[in-house]
Amino acid sequence: MSEERRSLNFIEQIIEDDLSNGMSKDHLRFRFPPEPNGYLHIGHTKAIGISFGLGEYYNAPVNLRFDDTNPAKEEQEYVDAIKRDISWLGYQWDKVLFSSDYFQQLYDWALLFIKEGKAYIDSQTSEAMAEQKGTPTQPGVDGPYRNRSVAENLDLFERMKAGEFSEGEHILRAKIDMQHPNMLMRDPIMYRVINKAHHRTGNDWCIYPMYDWTHGESDYIEQISHSLCSLEFKPHRELYDWFLDHVVDSKKIRPKQREFARLNLSYTIMSKRKLLKLVEDGIVNGWDDPRMPTISGLKRRGYTPAAIRKFVETVGVAKRDNVIDVSLLEFCIREDLNKIAPRVMAVLDPVKLVVTNYPEDKEEWFDAENNPEDENAGFRKVPFSKNLYIERADFKEEASSKFFRLKLGGEVRLKNAYIVKANHVEKDASGTVTEIHCTYSEDASKKVKGTLHWVSISHAITAQVREYDRLFNNEAPDAHADKDFMDFVNPNSLKTITAFVEPSLKTAKIGERYQFQRLGYFNVDNDTTSANLVFNKTVGLRDTWAKVKPKQNETQQKQPQQNNRPPIEQIKSYGKKYDRMPEDKQAKAKAEIIELAQQVSYDDVAPLFNTSVKKSGTRIITMITLGVLLKNGLEKNEAVTAFISKALEDKNTLLVEEAKALTAL
RNA sequence: UGGCCUAUGGUGUAACUGGCAACACGUUGGUUUUUGGUACCAAAGAGUCUAGGUUCGAUCCCUAGUGGGCCAACCA
């Protein structure tokens, strides 16, 4: 068992507290409740990881419950896909359940609510009801049907269920409080009429319960102990509890809803609706397109369940908004693949390399290590011959000593084979190198700086390689009020090339993952046939050389993040560090403060006059700001003079100096 | 009549519940290397949004302010 005290996240903390307050460990039960209206994405992975992870940790059951209360959006295809994805991630649910399993129970409870005067039928248009609902800052007002008699409500509700009304004519609302500060409590809708076939209950029902009415009750029916969801449901908690209050049997487990911050990833979007649009508009080739942030997309891209689970675990659980950098996801997949992916040689952008002193008809088969990280991975044979391909980027006619690869007159090792020296190049009319002529030496013990991968032209097989770039060329495509996320779609997110790969790959199977040495990780795509090998680039290797190359386009955008804080707040933020700054920075800060102080009023600074004596930094910046105010015509009052004269007696010379400057004004 | 969340290096999470801010990613050096990968070593980078209070002591508790987020679907 874990020994080093692992720090608990706030949810684990809540559970531990419940446990130590007498809750039995076997009453622990969790659930993951997706709506089957789309595919699961990397964001869901966090929710899955939390609930299923808790299940594994406490050895408690976790239900997979499909929240299928809206037949207009839900489809069997999605429930199948969701099950597939969760299983692929390696999680095991206890039971597969559906909210629709509880339609009868929910209906019976609704009847009870009506009888107790806790619910009523409203027969207005949705517009009229929206009107009465008020706004976040304005209370709502009661509607005309709010005080219908129980008998009438019962009659209407039964007729709703019987299909006597069309959509929109009547709905059932909880009777709570139209003036409630929480908008969700202003008589929320419990049932509406939907005349659509449900993917499971068919035409049995034409009234369907709303999310709020369904969710907590479903948790209760399943005896879920902790119902975990993302932060945007926080306001729903009050309603969740209100509904529960009226049905709960105190001898049973009363579920608790608790909320965590959802996962955001840079350069991508997480909304099912928007992902659906990418699919429908043909921006990508389906939900499992390797560029999609869906679980099935990541799977097809070559990600492993282990990497995704590691990612989720690393990301942690808290309540503040976050944007996780994709580089963390990439780190996780590289870390996993490095250990398990067999190495192989492939040339993506070939240039011919002729070994002039190697016999035309000779071939040799060298041993090549399958995975240096795994002693048991063994070796394979790779063929060598006179005519080879190497990567075009691995040769330069002339280059500095920083360039470890092949240059004219330079030597380089061909991985698993000989050391060669480049002597001569052939070019076409446009000056592009068409052939590099080199000579090999048998002496393998020589020290050379660079090692290149290569393939023998006559032995190589061709393969289609799909390289992916991020789908959006903006860090937060979702987060711009003035622009649509579609404006940020990267038109060049897919590059298809024909590559030459070593012959051992002839037998590669769909789904297998390889490292193309010095290039990255690649997996065999589903589109592969016996005649056509297709690879997806999962992720490149870490490339420190690529980083030193681009010198000029280095000064890229580092958005001068706009500061929304009022001037006085910005000035205050200098306070703490001001007297610790080196002189040059201090001068800059002071200039900045003086600038900002132009927009500051006396009322802004006055509260800072009684800053405690030990905070000299804050007092200095206050003094500077005050100076600007005085110059701009502010009259000294008692508070000002007191502040200045007190500063004059301070130990801090900087402060004294600033104060002196003001005595003259 | 607005309510509720939230604030710690570039990013994400910690800080044993009040005891001199740690881990991971990223960045920068270096060592090893038949992958400019991996591994290993090292460094830089925050003094915890601001002010006040409680305290011997505050990232942690209280108050106020400021910034950010969520809430007005017959969606979930």
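Numbers restart at 1 for each chain; the letters A, B, ... are given by sequence-line order, proteins then strands. No experiment lies behind these values; they were computed from the predicted model shown.
An OP1 or OP2 oxygen of B:G37 is reached within less than 4.0 angstrom by a side-chain nitrogen or oxygen of A:T544. Put simply, A:R65 has no side-chain N or O that comes within less than 4.0 Å of OP1 or OP2 on B:A76. For the pair A:S327 and B:U11, the criterion of a side-chain N or O lying under 4.0 Å from OP1 or OP2 is not met. Of the side-chain N and O atoms in A:R518, one or more sit less than 4.0 angstrom from OP1 or OP2 of B:G36. In this model, the phosphate group of B:C75 is not approached by any side-chain N or O of A:K73 to a distance below 4.0 Å at OP1 or OP2.
Following rounding to the nearest Å, A:K576 (NZ) and B:A51 (P) show an atom-to-atom distance of 5 Å. Put simply, CG on A:L8 is 21 Å from P on B:C60, counting in whole angstrom units.
Nucleotide B:G47 carries a syn base; the chi torsion (O4'-C1'-N9-C4 or O4'-C1'-N1-C2) is within 90° of 0.
Closest to the side chain of A:L541, out of B:C49, B:G3, B:G37, is B:G37.
For A:F404 and B:G36, the ring-to-base geometry satisfies the stacking test (centroid distance below 5.5 Å, interplanar angle below 30°). B:A76 has no base stacking with the ring of A:Y211 when judged by centroids under 5.5 angstrom apart and an interplanar angle below 30°.
Under the 6.0 Å distance and 45° angle rule, A:K319 counts as a cation-pi partner of A:F10. Taking the centre and axis of the six-membered ring of A:W205, the NZ or CZ atom of A:K161 falls inside the cone set by 45° and 6.0 Å. With A:Y120 as the aromatic partner, A:R173 does not meet the cation-pi criteria of under 6.0 angstrom to the ring centre and within 45 degrees of the ring axis.
Among the protein residues, A:N182 comes within range of no part of the nucleic acid, since none of its heavy atoms lies under 4.0 Å from any strand. Residue contacts shown for A:Q124 include a base, since a base heavy atom lies under 4.0 Å away. As judged by a 4.0 angstrom heavy-atom cut-off over every strand, A:S266 is placed among residues making no nucleic acid contact. Across all strands shown, A:E232 has heavy atoms under 4.0 Å from sugar-phosphate atoms exclusively, and none from any base. Heavy atoms of A:E35 sit under 4.0 angstrom from primed sugar atoms or phosphate atoms, though from no base atom. Across all strands, A:F403 comes closer than 4.0 Å to base atoms (heavy-atom distances).
Pairing for B:G2 is with B:C71, a Watson-Crick or G-U wobble pair whose two hydrogen-bonding atom distances lie under 3.5 Å. Look at B:C61: its Watson-Crick or wobble partner, with both distances under 3.5 angstrom, is B:G53. Remark: B:U66 base-pairs with B:A7. Criterion, Watson-Crick or G-U wobble with two distances under 3.5 Å. Under the Watson-Crick or G-U wobble criterion, with both distances below 3.5 Å, B:C23 is paired with B:G12.
One N or O donor and one acceptor, one from the side chain of A:R405 and one from the base of B:G36, sit under 3.5 Å apart. Judged by distance alone with a 3.5 Å cut-off, a donor-acceptor contact links the side chain of A:Q13 to the base of B:U17.
Taking the six-membered ring for Trp and the full ring otherwise, A:F66 and A:Y78 have centroids separated by 6.0 Å or more.
Atom P of B:A46 sits at a distance of 37 Å from the matching atom of B:G3, rounded to the whole Å. Between B:C71 and B:U17, the two C1' atoms lie 32 Å apart (nearest whole Å). Comparing the same atom, C1', in B:A42 and in B:A58 gives a spacing of 33 Å after rounding to whole Å. Using atom C1' as the reference point in both B:G26 and B:G10, the two lie 8 Å apart (nearest Å). Taking the P atoms as reference points, B:C60 lies 12 Å from B:C16, given to the whole Å. Distance check on atom P: B:C23 versus B:U33 gives 29 Å, rounded to whole Å. Taking the P atoms as reference points, B:C49 lies 14 Å from B:U6, given to the whole Å. Between the C1' atoms of B:G18 and B:A76, the separation comes to 42 Å (whole Å).
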Review point. What do the steps show when you test A:Y440 against A:E411 for side chain to side chain donor-acceptor pair (under 3.5 Å), and what is the final call?
Key: CA-CA 9 Å; A:Y440 84 100; A:E411 284 186 310; over 6 Å; no

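Across residues 37-50 of chain A, not one residue has a non-hydrogen atom less than 4.0 Å from an atom of RNA chain B.
RNA chain B is contacted by both A:V448 and A:E335; A:V448 maps to the nucleotide lying nearer its 5′ end (nearest heavy atom per residue).
Side-chain contact check for A:D68 and A:H199: at least one donor-acceptor pair (N or O, by modelled atom type) lies under 3.5 Å.
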